[in-house]
Amino acid sequence: MAKHSAQSVELVGVIKHFGSVAAVDGVDLMVQAGEFVTLLGPSGSGKSTTLMLVAGFERPSAGEVRIGGARVDHVPPYRRNLGVVFQSYALFPHMTVAENLAFPLEGRGAGRNEIETRVTGALARVRLEGHESRYPSQISGGQQQRVALARALVFDPPVLLMDEPLSALDKKLREQMQLEIKHIQRDLGITVIYVTHDQGEALTMSDRIAVMNRGKIAQLGTPEELYEHPADRFVADFIGETNLIALVLGRVDGGEADAATSCGLRLRIPAPASGSAGAPITVSIRPERVTVARVAGSEPGKQWHDGRIEEVIYLGEMRKYRLRVGEIGLIAKEQTRSEGGGFAAGERVAVGMSVADLGLVRGSA
Ligand SMILES: Nc1ncnc2c1ncn2[C@@H]1O[C@H](COP(=O)(O)OP(=O)(O)O)[C@@H](O)[C@H]1O
Ligand SMILES: [Mg+2]
């Protein structure tokens with residue numbers, strides 16, 4: 001059994017209907033060989049179905065799936081040779097750890113010696129040496145997920161598919177496993193398509209993230225691109241926390257424009273690519289980009305408004321403020337400092353926003 005080098009995965013115009021439901025509704029996605037791409041979205045957005053189409057457990061209603069550049073429409077799942085770790089794809093309870101790992105190798109006709117070498121190597125990779133003869137019930141949930149990962153990797157697949165593999169684990173273990181999976185992926189140079197509804201997980205692990213909404217890819221980009229330049233309201237809201245402000249466009253001059261809320265609060269914003277005075281627009285600003293101060297500053301490009309603190313939420317490393325500026329509500333976040341400081345509910349403050357931090361997004365607020 002040869003070691004497979006990483007392969008690309010491509011979806012072209014893929015649609016999958018279940019009855020009248022379009023679970024996947026026209027997905028185009030090119031995952032490069034060796035890349036870690038995450039499908040991120042809320043429950044029901046079509047992530048698992050997309051993965052099933054790649055794995056071959058579902059057939060597309062329209063469009064093509066290509067692995068390593070070749071169409072695989074008529075290739076059954078086991079011939080696609082992909083490693084899979086699904087939340088529901090549990091270990092065989094009546095088999096030891098070693099037998100679980102040997103299973104996909106036996107199916108591929110590997111010999112005794114090769115099986116032993118590979119099982120030992122795969123267990124070392126997930127740091128479970130010495131657990132060969134345990135049964136799944138005799139190891140922890142985190143260790144079981146490691147074994148499932150080792151089983152998916154034991155035949156050196158060119159592509160690894162993972163569907164919410166960590167969702168049953170507690171937060172600490174989940175975060176540790178996220179980094180471990182990422183390191184294993186880098187070491188092996190394997191292509192990974194990973195599914196999660198957890199944006200923190202996606203940001204931590206991915207080279208690129210495809211944000212899914214209602215069977216479509218709302219935006220595809222690096223974690224930084226998605227966070228800094230969300231294309232629409234859905235992405236801005238789903239990745240991190242954000243303030244969305246509904247405005248009516250005023251005069252555009254050069255790179256900037258005037259805009260106002262329906263109650264007349266005026267803001268300077270980056271000029272939109274299109275749209276004339278009177279057009280409705282939405283801007284997004286991240287809470288950590290909203291400055292709260294006792295008095296307005298004078299940095300160029302930054303505008304200040306009078307505001308009032310409505311609520312203070314202490315989050316440990318951060319303090320979160322619910323603010324009122326005119327008729328709009330905003331969330332601001334600031335780093336907590338050792339010398340205390342911070343503002344109290346009811347205080348009148350100056351609220352600063354840089355023009356450059358106000359991003360235009362599609363869709364209404
Ligand atoms: N086997 C199926 N039969 C009927 N509907 C399905 C099936 N699988 C998924 N769906 C529907 O397709 C949509 C997308 O589901 P899914 O891909 O599981 O989303 P996600 O993994 O993002 O939660 C949902 O509306 C779901 O109910
Ligand atoms: Mg799912």
Side-chain angles (χ1 to χ4, degrees), residues 9-31 36-67 72-73 76-78 80 82-91 141 144-145 148-149 151-152 159-171 174 177-178 181 191-221 223 226 230-240 363:
V9 176
E10 190 174 10
L11 291 96
V12 186
V14 169
I15 294 171
K16 177 63 184 179
H17 289 287
F18 292 111
S20 61
V21 177
V24 177
D25 195 10
V27 163
D28 293 290
L29 176 64
M30 176 70 187
V31 179
F36 194 123
V37 169
T38 296
L39 308 178
L40 171 69
S43 174
S45 57
K47 308 180 298 294
S48 294
T49 304
T50 304
L51 211 64
M52 289 298 186
L53 290 164
V54 175
F57 296 118
E58 297 286 357
R59 295 272 298 274
S61 312
E64 282 179 25
V65 177
R66 300 191 190 127
I67 298 174
V72 292
D73 306 37
Y78 69 95
R80 295 190 187 191
L82 311 177
V84 291
V85 183
F86 294 154
Q87 200 193 338
S88 58
Y89 208 62
L91 300 173
Q144 287 178 31
Q145 254 329 347
L149 177 60
R151 185 177 61 180
V159 178
L160 177 63
L161 308 178
M162 306 184 90
D163 191 348
E164 313 246 9
L166 308 180
S167 53
L169 307 181
D170 64 45
K171 187 167 180 287
R174 205 162 64 225
M177 285 293 288
Q178 288 166 6
I181 292 171
T191 311
V192 172
I193 306 181
Y194 192 95
V195 163
T196 183
H197 64 273
D198 179 335
Q199 46 114 358
E201 189 158 299
L203 293 173
T204 302
M205 302 179 80
S206 318
D207 295 321
R208 288 190 301 160
I209 299 171
V211 182
M212 292 197 70
N213 184 22
R214 297 163 188 258
K216 291 183 161 67
I217 294 181
Q219 191 174 357
L220 173 68
L226 296 185
D232 64 15
R233 186 220 147 95
F234 177 82
V235 176
D237 226 9
F238 199 77
I239 304 233

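In each ligand, atom 1 is the first atom listed, and ligand 1 is the first ligand listed.
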What residue and atom, counting heavy atoms only, is the protein's closest point to [atom], and at what distance?
atom	value
atom 22 (O) of ligand 1	K47 NZ, 2.8 Å
atom 18 (O) of ligand 1	S48 CB, 3.8 Å
atom 25 (O) of ligand 1	V21 CG1, 4.0 Å
atom 14 (C) of ligand 1	G44 O, 3.5 Å
atom 12 (O) of ligand 1	A23 CB, 3.1 Å
atom 11 (C) of ligand 1	F18 CD1, 4.1 Å

Worksheet entry | G19 to ligand 1, any heavy atom closer than 4.0 Å |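 No; G19 lies far enough from ligand 1 that no heavy-atom distance drops under 4.0 Å.
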
Worksheet item: Can you tell me if G46 has a non-hydrogen atom under 4.0 Å from ligand 1?
Response: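 It does; at least one heavy atom falls under 4.0 Å.
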
Practice prompt. For the residue pair F86 and F57, categorise the inter-ring angle as parallel (less than 30°), tilted (30 to 60°) or perpendicular (more than 60°).
Written response: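 Because their plane-to-plane angle is over 60°, the rings of F86 and F57 count as perpendicular.
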
Worksheet entry | Under-4.0 Å protein heavy-atom contact, atom 7 (C) of ligand 1 |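 Looking at atom 7 (C) of ligand 1, one finds that a protein heavy atom does lie closer than 4.0 Å.
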
Item to complete: Please find out if the Mg ion (ligand 2) and some N, O or S atom of T49 are separated by less than 2.8 Å.
Response: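 Looking at T49, which is the residue asked about, there is no N, O or S atom under 2.8 Å from the Mg ion (ligand 2).
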
Fill in: Heavy atoms from other residues, nucleotides or ligands near CZ of R214 exceed 12 (cutoff 6.0 Å)
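No, the 6.0 Å shell around CZ holds no more than 12 heavy atoms from other groups.
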
Worksheet entry | Separation between CD1 of I217 and CD1 of I209, rounded to the nearest 0.5 Å |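 Between atom CD1 of I217 and atom CD1 of I209 there are 12.0 Å.
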
Discussion item. Judged on heavy-atom distance to atom 17 (O) of ligand 1, which of L40, L53, T49, T196 sits nearest?
Written reply: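 That would be T49.
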
Worksheet item: L160 pairs by side-chain contact (heavy atoms from CB on, under 4.5 Å) with which of T191, V85, I193, I181?
Response: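 Only one of T191, V85, I193, I181 forms a side-chain contact (heavy atoms from CB on, under 4.5 Å) with L160, namely V85.
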
Worksheet item: Counting from 1, what ligand 1 atoms have a heavy atom of S45 closer than 4.0 Å?
Response: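 Under 4.0 Å from S45, ligand 1 has these atoms: 19 (O), 20 (P), 22 (O).
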
